[in-house]
Amino acid sequence: RPGLALCAGCGGRIQDPFLLRVSPDLEWHVACLKCAECGQPLDETCTCFLRDGKAYCKRDYSRLFGIKCAQCRAAFSSSDLVMRARDHVYHLECFRCAACGRQLLPGDQFCLRERDLLCRADHGPTPDGPNTRGPRSP
């Protein structure tokens with residue numbers, strides 16, 4: 001549909017012989033589809049992610065919007081195994097007692113106080129009673 005489409009990037013008519021379609025309803029001039037963060041061209045050879053009408057390369061989308069480890073604040077890769085405590089997600093190596101540094105393993109009892117993980121030996125009595133909940137891992 002050259003000449004009929006409007007570019008989602010610049011708003012101008014796309015009269016070029018080629019256009020890039022991202023999702024069913026957004027079309028771009030080839031030159032206008034760039035990462036909103038780093039400016040990398042996003043063409044048919046590059047994965048494109050959309051958020052709030054802006055396009056991002058995979059690296060910047062993950063950095064800006066991806067889930068990050070509650071301890072080290074680094075992003076997760078698709079191959080990372082994780083540990084969860086309430087709404088927090090951790091790398092396996094980051095899932096450690098804040099007091100003694102011992103790595104907490106599946107089945108270990110722990111307490112989560114604000115952002116700090118505490119092993120059973122270091123947390124003492126919990127406000128919720130003597131029963132603590134162990135970590136969940138997907």
Got a sec: does the CD1 of Ile67 have more than 12 other heavy atoms crowding it under 6.0 Å? no
Under 6.0 Å from the NZ atom of Lys34, do we count more than 12 heavy atoms belonging to anything else shown? no
Check: [Y] and [X] side chains under 4.5 Å, non-hydrogen atoms:
{"X": "Val22", "Y": "Leu50", "answer": "yes"}
{"X": "Arg51", "Y": "Leu64", "answer": "no"}
{"X": "Cys7", "Y": "Arg13", "answer": "no"}
{"X": "Thr47", "Y": "Cys57", "answer": "no"}
{"X": "Leu118", "Y": "Arg113", "answer": "yes"}
{"X": "Met83", "Y": "Pro106", "answer": "yes"}
{"X": "His29", "Y": "Leu19", "answer": "no"}

Could you tell me which non-hydrogen atom of Ala75 sits nearest to which non-hydrogen atom of His91, and how far apart they are? O-NE2, 3.5 Å
Distance from [X] atom [atom1] to [Y] atom [atom2], nearest 0.5 Å?
{"X": "Leu42", "Y": "Leu33", "atom1": "CG", "atom2": "CG", "answer": "4.5 Å"}
{"X": "Cys72", "Y": "Tyr90", "atom1": "SG", "atom2": "OH", "answer": "11.0 Å"}
{"X": "Cys38", "Y": "Tyr56", "atom1": "SG", "atom2": "OH", "answer": "11.0 Å"}
{"X": "Ser77", "Y": "Leu81", "atom1": "OG", "atom2": "CG", "answer": "9.0 Å"}
{"X": "Asp108", "Y": "Gln103", "atom1": "CG", "atom2": "CD", "answer": "9.0 Å"}
{"X": "Cys119", "Y": "Leu104", "atom1": "SG", "atom2": "CG", "answer": "6.5 Å"}

Verify the ring-centre separation between His123 and Phe110: is it less than 6.0 angstrom? no
How about Phe65 and Phe49: are their ring centres within less than 6.0 Å of each other? no
Any donor and acceptor pair, going by atom type alone, linking the side chain of [X] with main-chain N or O of [Y] inside 3.5 Å?
{"X": "Glu37", "Y": "Arg59", "value": "no"}
{"X": "Arg86", "Y": "Leu112", "value": "yes"}
{"X": "Arg73", "Y": "Ala70", "value": "no"}

Test log, rule side chain to side chain contact (heavy atoms under 4.5 Å, CB included), inputs Val89 and Cys69: CA-CA 6 Å; Val89 184; Cys69 176; over 6 Å; no
ILVMFWY cluster, Leu117 and Leu92 together (side-chain gap under 4.5 Å): yes
Candidate pair Arg63 and Asp60, rule salt bridge (charged side-chain N to carboxylate O under 4.0 Å, His left out), full reasoning: CA-CA 5 Å; Arg63 181 178 58 81; Asp60 285 329; 3.2 Å; yes
Check the pair Gln71 / Arg96 against side chain to side chain contact (heavy atoms under 4.5 Å, CB included), numbers first and verdict last. CA-CA 9 Å; Gln71 179 62 37; Arg96 297 180 173 275; over 6 Å; no
Evaluate side chain to side chain contact (heavy atoms under 4.5 Å, CB included) for Ile14 paired with Glu27, printing each intermediate quantity in order. CA-CA 8 Å; Ile14 301 176; Glu27 295 166 328; 4.1 Å; yes
In terms of side-chain geometry, is the basic nitrogen of Asp122 or Arg102 positioned less than 4.0 Å from the acidic oxygen of its partner? no
